[in-house]
Amino acid sequence: MTDHPTLDNKTAVTRAAIHELLANRWSRRAFSDEPVSTDTVLSLMESARWTASSNNEQPWRFIVATRDDPDAHGQMVSCINAGNQRWATRAWVLMVGIARDNFDVEGQPNNRFSEYDTGQAVQSLVTQATALGLNVRQMGGILPDRVREIYSVPEGYTIMAGLAIGYPGDPDELVEALRDRERLPRSRRPLSALFFSGQFGQPHPLAESDDQP
Ligand SMILES: Cc1cc2nc3c(=O)[nH]c(=O)nc-3n(C[C@H](O)[C@H](O)[C@H](O)COP(=O)(O)O)c2cc1C
């Protein structure tokens with residue numbers, strides 16, 4: 001595996017230590033041409049498969065395309081919007097995440113945790129990918145109707161988001177419009193806007209004096 005370029009302003013700034021897999025993950029647009037092995041793709045699949053889900057429904061489904069199959073890869077690229085195609089085309093692995101809307105058991109519609117669980121499966125995959133030195137950038141900017149048509153996705157399944165997955169690349173190789181954006185520091189809402197006690201909106205005492213960016 002080659003050395004991957006890093007940007008030193010991207011590590012999460014936290015008031016308490018978090019695991020380096022979480023602190024150092026960020027969503028690069030810059031991908032290298034380095035192939036991702038089939039074993040590694042299989043690891044990503046397994047990481048998603050073993051995610052927790054409500055009622056163990058496992059409502060997530062993924063369509064996967066890799067650059068070593070140019071037709072399949074091109075087909076999936078055609079499901080990504082123009083803005084995202086500027087960087088995502090280079091990613092070795094492309095996926096689309098899909099959520100099954102209903103429970104498996106007949107007569108039980110509307111699994112309200114379907115999209116929640118599918119997002120969790122994606123987070124498992126992202127964490128596994130990060131541990132393997134891969135980068136993932138997710139994409140809401142895909143064309144769901146086209147995904148449904150090309151891959152014959154049945155009714156009762158919701159097309160969620162795309163994933164571009166591959167080894168990190170050199171930001172200087174991005175199109176000019178994206179180079180500076182790739183170097184911007186990451187930001188988050190303060191803990192006090194996210195963690196409450198007593199009443200909704202009332203910061204939890206641990207979060208109150210939060211003045212981190
Ligand atoms: C569901 C979802 C959809 C996203 N859609 C896009 C997208 O269409 N294009 C894009 O460039 N980034 C997209 N992103 C990446 C986010 O902008 C990025 O995760 C966010 O800015 C936080 O940055 P970080 O992941 O580096 O911490 C998406 C992320 C998620 C989770």
Side-chain angles (χ1 to χ4, degrees), residues 4-15 17-32 44 47-48 51 59-65 76-101 113-148 153 157-171 173-191 193-194 212-213:
H4 299 117
T6 54
L7 295 175
D8 54 15
N9 62 345
K10 294 292 195 172
T11 301
V13 177
T14 60
R15 287 173 50 200
I18 62 174
H19 195 283
E20 61 179 22
L21 278 177
L22 304 176
N24 293 329
R25 180 214 61 82
W26 63 280
S27 303
R28 297 167 176 83
R29 298 178 186 82
F31 287 95
S32 84
L44 301 181
S47 67
T51 301
W60 48 80
R61 307 287 185 271
F62 294 91
I63 299 170
V64 183
M76 194 165 290
V77 166
S78 78
C79 295
I80 299 173
N81 76 16
N84 287 332
Q85 279 188 11
R86 291 178 301 168
W87 53 267
T89 307
R90 199 158 172 188
W92 194 266
V93 186
L94 294 172
M95 295 191 190
V96 176
I98 297 168
R100 178 175 160 81
D101 301 333
F113 296 106
S114 163
E115 296 180 8
Y116 178 98
D117 289 343
T118 300
Q120 293 211 95
V122 170
Q123 183 56 44
S124 295
L125 186 154
V126 168
T127 305
Q128 181 65 41
T130 308
L132 295 171
L134 291 161
N135 172 64
V136 183
R137 190 169 179 103
Q138 297 179 57
M139 295 173 285
I142 57 171
L143 311 175
D145 293 345
R146 190 168 170 81
V147 172
R148 192 173 293 283
V153 180
Y157 290 82
T158 300
I159 318 286
M160 300 305 301
L163 293 93
I165 306 166
Y167 291 103
D170 185 346
E173 290 178 17
L174 287 168
V175 296
E176 199 179 341
L178 297 177
R179 263 175 238 159
D180 289 345
R181 280 166 70 184
E182 191 78 344
R183 293 192 161 83
L184 289 175
R186 298 166 61 221
S187 68
R188 286 298 188 267
R189 297 179 203 274
L191 289 174
L194 307 174
Q212 288 292 331

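As the structure lists them, so they are numbered: ligands from 1, and atoms in each ligand from 1. All values below come from the heavy atoms of this structure, side chains included, with hydrogens, waters and symmetry mates left out. Count residues from 1 along the sequence.
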Sort out the contact shell of ligand 1: every protein residue with a heavy-atom distance below 4.0 Å, listed by chain and number.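 Answer by chain and number: Arg25, Trp26, Ser27, Asn84, Trp87, Arg137, Gln138, Met139, Gly140, Gly141, Arg186, Arg188.
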Just by distance, no angles: are the side chains of [X] and [Y] close enough, under 3.5 Å, to form a donor-acceptor pair?
{"X": "Thr127", "Y": "Gln123", "value": "yes"}
{"X": "Ser114", "Y": "Asp101", "value": "no"}
{"X": "Ser187", "Y": "Arg189", "value": "no"}

As a test of understanding, state which of Met160, Arg100, Arg61 forms a side-chain contact (heavy atoms from CB on, under 4.5 Å) with Thr118.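 The residue from Met160, Arg100, Arg61 that satisfies side-chain contact (heavy atoms from CB on, under 4.5 Å) with Thr118 turns out to be Met160.
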Give the intermediate values and the outcome of side-chain contact (heavy atoms from CB on, under 4.5 Å) for residues Phe113 and Gln120. CA-CA 10 Å; Phe113 296 106; Gln120 293 211 95; over 6 Å; no
Taking all atoms of both residues into account, what is the closest heavy-atom pair of Ala30 and Glu182, and its distance?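 In this case the closest contact between Ala30 and Glu182 is N-OE2, 3.1 Å.
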